[in-house]
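Here the structure is laid out as structure tokens; the discussion comes afterwards.
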Amino acid sequence: MRLFATLFLLCTSVSFAPVKATGFDPGRTIDIVATDDMKYSVNTITAKRGETIRIRLVAKGVIPKIAMAHNVVVLKLGTDVLKLLKDGAPHRGTDFIPPDMLKAVIAKTPFAGPGEMVQVTFAVPAKPGRYPFICTFAGHYQAGMKGTLIVK
């Protein structure tokens with residue numbers, strides 16, 4: 001009992017230094033919900049050139065992750081989305097993105113299953129344009145799981 005009391009006093013009397021801010025600004029957060037109907041709740045994101053944004057994806061549904069997972073992959077202008085999806089089909093280890101097309105990815109979240117939340121923070125490209133974002137899980141893009149990041 002004496003040992004417990006001593007440990008308690010030590011733990012409660014130790015002062016902790018406050019954590020210093022690192023200067024990192026996570027930017028504006030865009031929340032997107034993905035469900036078993038293979039649709040994003042947000043299809044258009046408008047951002048300023050160079051702005052830092054965080055895309056936070058929440059997966060809602062009941063189908064197990066192995067059969068129904070969702071991600072958000074933001075692609076460079078001019079990326080051949082259908083080629084990326086076709087060639088990426090056998091590449092589960094790279095989230096169904098073909099290794100030779102990884103350079104076309106601006107930002108991506110990991111896959112999320114039911115009840116999971118994933119996110120990615122990145123700097124919006126400096127070049128204005130309409131950048132596609134997609135889910136790379138098989139069949140999801142074709143079912144409508146896609147959107148556009150409009151950079152102004």
Side-chain angles (χ1 to χ4, degrees), residues 11 14-152:
C11 289
V14 173
S15 62
F16 294 95
V19 176
K20 293 184 180 180
T22 62
F24 175 73
D25 177 11
R28 181 168 53 107
T29 299
I30 294 92
D31 288 312
I32 301 176
V33 176
T35 59
D36 289 347
D37 67 355
M38 295 180 280
K39 303 281 188 249
Y40 290 132
S41 63
V42 173
N43 298 101
T44 304
I45 300 168
T46 303
K48 296 175 187 168
R49 295 180 289 174
E51 176 184 2
T52 299
I53 62 173
R54 173 176 39 199
I55 295 177
R56 184 167 45 202
L57 176 70
V58 175
K60 294 188 177 180
V62 296
I63 300 173
K65 185 175 182 176
I66 191 74
M68 179 72 71
H70 308 293
N71 65 353
V72 175
V73 178
V74 182
L75 300 169
K76 290 182 179 177
L77 292 174
T79 300
D80 185 341
V81 174
L82 295 178
K83 177 177 174 26
L84 182 141
L85 293 168
K86 180 178 149 288
D87 294 354
H91 297 283
R92 187 171 189 87
T94 54
D95 297 336
F96 302 113
I97 300 167
D100 65 336
M101 291 186 79
L102 286 169
K103 63 188 175 299
V105 175
I106 294 169
K108 72 179 186 72
T109 67
F111 279 115
E116 294 179 338
M117 185 273 297
V118 294
Q119 61 188 3
V120 63
T121 301
F122 65 99
V124 170
K127 184 176 181 180
R130 299 174 66 83
Y131 295 78
F133 65 87
I134 65 171
C135 178
T136 57
F137 200 87
H140 290 203
Y141 172 83
Q142 293 83 348
M145 203 163 212
K146 56 189 168 186
T148 306
L149 167 64
I150 301 170
V151 179
K152 294 185 175 191

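- Pro98 places a side-chain heavy atom less than 4.5 Å from the side chain of Leu84.
- Here Ile32 contributes atom CD1 and Lys39 contributes atom NZ; the two are 14.5 Å apart, rounded to the nearest 0.5 Å.
- When all heavy atoms are compared, the tightest approach of Ala89 to Phe96 is O-CD2, 3.3 Å.
- Applying the ring-ring contact (aromatic ring centres under 6.0 Å, His included) test to pairs two or more places apart or on separate chains, those with a residue in residues 29-86 are Tyr40-Phe133, His70-His140.
- With Val74 as the fixed residue, the side chain to side chain contact (heavy atoms under 4.5 Å, CB included) test singles out one of Val124, Leu149, Ile134: Leu149.
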- prompt: Run the side chain to side chain contact (heavy atoms under 4.5 Å, CB included) check on Val120 and Arg54 step by step: do they pass?
  reply: CA-CA 6 Å; Val120 63; Arg54 173 176 39 199; over 6 Å; no
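- A distance of 11.0 Å separates NZ of Lys76 from CE of Met101, quoted to the nearest 0.5 Å.
- Here the shortest heavy-atom pairing between Ala34 and Leu57 reads CB-CD1, 3.8 Å.
- Rounding to the nearest 0.5 Å places CG of Leu85 at 9.0 Å from CD1 of Ile97.
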- prompt: Please walk me through it: do Asn71 and Thr136 pass side-chain hydrogen bond (donor to acceptor under 3.5 Å, both in side chains)?
  reply: CA-CA 7 Å; Asn71 65 353; Thr136 57; 2.9 Å; yes
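- Residues Val73 and Asp95 form no side-chain contact, since every pair of their non-hydrogen atoms from C-beta on lies 4.5 Å or further apart.
- When all heavy atoms of Ala112 and Lys65 are compared, the pair lying nearest together is C-CE, 4.2 Å.
- The only option from Asp80, Asp87, Thr79 that meets the side chain to side chain donor-acceptor pair (under 3.5 Å) definition with Lys83 turns out to be Asp87.
- Remark: Arg130 CZ to Thr148 OG1 distance equals 5.0 Å, nearest 0.5 Å.
- With Lys108 contributing its side chain and Val105 its backbone, the two residues share no donor-acceptor pair below 3.5 Å.
- With a 4.5 Å cut-off on side-chain heavy atoms, Pro128 and Arg49 count as touching.
- Remark: Gln119 CD to Thr109 OG1 distance equals 10.0 Å, nearest 0.5 Å.
- A 4.5 Å side-chain heavy-atom check between Pro114 and Ile63 finds every atom pair outside the cut-off.
- Within the 4.5 Å cutoff, the side chain of Ile106 has heavy atoms near those of the Phe122 side chain.
- Smallest separation of non-hydrogen atoms from Phe137 and Ala67: CE2-O, 3.4 Å.
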- request: Show your working on side chain to side chain contact (heavy atoms under 4.5 Å, CB included) between Val81 and Leu75 and close with a plain yes or no.
  value: CA-CA 8 Å; Val81 174; Leu75 300 169; 3.9 Å; yes
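- Arg56 places a side-chain heavy atom less than 4.5 Å from the side chain of Met117.
- For the atom pair CD1 of Ile30 and OG of Ser41, the computed distance is 11.5 Å after rounding to the nearest 0.5 Å.
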Full working for side chain to side chain contact (heavy atoms under 4.5 Å, CB included) between Asp36 and Val62: CA-CA 7 Å; Asp36 289 347; Val62 296; 3.7 Å; yes
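- Residues Glu51 and Arg28 have side chains in contact (heavy-atom distance under 4.5 Å, counting atoms from C-beta outward).
- Side-chain contact between Val42 and Ile55 is absent, with no heavy atoms from C-beta onward closer than 4.5 Å.
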